[in-house]
Amino acid sequence: MPSPAHHDPENRVAVVTGAASGIGSATAELLAAKGVRVSAWDVDARFTAPASTAAERFLRLRVDVRDPRQVADAAAATCDQWGRIDLLVNSAGLFLVGPLEEVSADAVANLFEVNVIGTTLVTQACLPALAACRGAVVNLSSTVALKATKSNSHYAASKAAVAALTRCWALELAPKGIRVNAVAPGPTKTNIYHAAGMDEESQRRLLEGRKNDIPLGRIGTPEEIARWIVRLGLSDDWITGQVLAVDGGMCVA
Ligand SMILES: NC(=O)c1ccc[n+]([C@@H]2O[C@H](COP(=O)([O-])OP(=O)(O)OC[C@H]3O[C@@H](n4cnc5c(N)ncnc54)[C@H](O)[C@@H]3O)[C@@H](O)[C@H]2O)c1
């Protein structure tokens, strides 16, 4: 059984989903820079290892988090390669925008399949390895789960579900020594808006509009979200079940 890696990141192994882009990519990059071995999962296979990583410290796997078989195979491949999983970052996610009148059941089902069921399947698959290391999970919720906004109600609901799962799993998994927290980012410039079908102009309007709701007056960068994911994930802090808003103050405004 692997021993807890304590404070030496170089002994640790992290699984990062959604690692091809945005917050997941920045998180994989930061973990790799700290010497953590990173098993990077994404449905989009067109991504490369962070420049700071030696190839043998980076495992790139094509995984659709909606598919239990692919997820189980990826968890097994990670354990075969490195024998442990100390940290799981569930960053794979989709955004959905549009008024209630226009939303389709299929789009909502797919959103929940990735954001809620995918997060569940990946966490389940990594659970035995996380328990063996007394490891940590960091989920990605969102400011919109904590504060109402217009035109993305189902996305907000999916991220509120992630916040609820985070609190419940923290309670359920504490006896196994697994800490479960979430970061709730505010609006952050990544590919998620383009992936949701928004053109440049609609993205600009959405993000500029949101800027007015952010006390610190600007949108976020993936790197500043990644910093807190890594902090919550790698520290042995006495913290579990928390949803930490990293949002320039948007949720308290
Ligand atoms: N960008 C923001 O403003 C923001 C705000 C709050 C929360 N978040 C959350 O942060 C997380 C990361 O988002 P991002 O902004 O970096 O988005 P992004 O689109 O840049 O990255 C998301 C990644 O997830 C991958 N992905 C999508 N579906 C997948 C699937 N079925 N299986 C495996 N991988 C899949 C995509 O290929 C992509 O590489 C998401 O959960 C998102 O909801 C983002």
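In what follows, every heavy atom counts, from backbone to side chain, and hydrogens, waters and symmetry copies are set aside. When a ligand or atom number is given, it counts from 1 through the structure's own listing order. Computed from a predicted structure; not experimentally measured.
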Check whether more than 12 heavy atoms from other residues, nucleotides or ligands sit under 6.0 Å from atom CZ of R231, and answer yes or no.
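Counting other residues, nucleotides and ligands, CZ of R231 stays at 12 neighbours or fewer.
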
So with a 6.0 Å cut-off around NZ of K34, is the heavy-atom count from everything else above 12?
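Incorrect, the count does not exceed 12.
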
Do the side chain of R179 and the main chain of S235 share a donor and acceptor less than 3.5 angstrom apart?
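Yes: the side chain of R179 pairs with the backbone of S235.
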
First-shell residues of ligand 1 [heavy atom, distance under 4.0 Å]
G18, A20, S21, G22, I23, D42, V43, D44, V63, D64, V65, R66, S91, A92, G93, L94, V114, L140, S141, S142, Y155, K159, P185, G186, P187, T188, T190, N191, I192, Y193

Using a 6.0 Å distance limit plus a 45 degree cone around the ring axis, check whether R60 lies over the aromatic ring of F47.
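The answer is yes, since R60 meets both limits relative to F47.
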
Please report the C-alpha distance between D44 and R46 in whole Å, then the side-chain angles of each, then the deciding distance to 0.1 Å, and finally whether the salt bridge (Lys or Arg N to Asp or Glu O under 4.0 Å) criterion is met.
CA-CA 6 Å; D44 179 350; R46 293 166 302 173; 3.0 Å; yes

Residue that, paired with N90, satisfies side-chain hydrogen bond (donor to acceptor under 3.5 Å, both in side chains) out of N139, T120, T119
N139

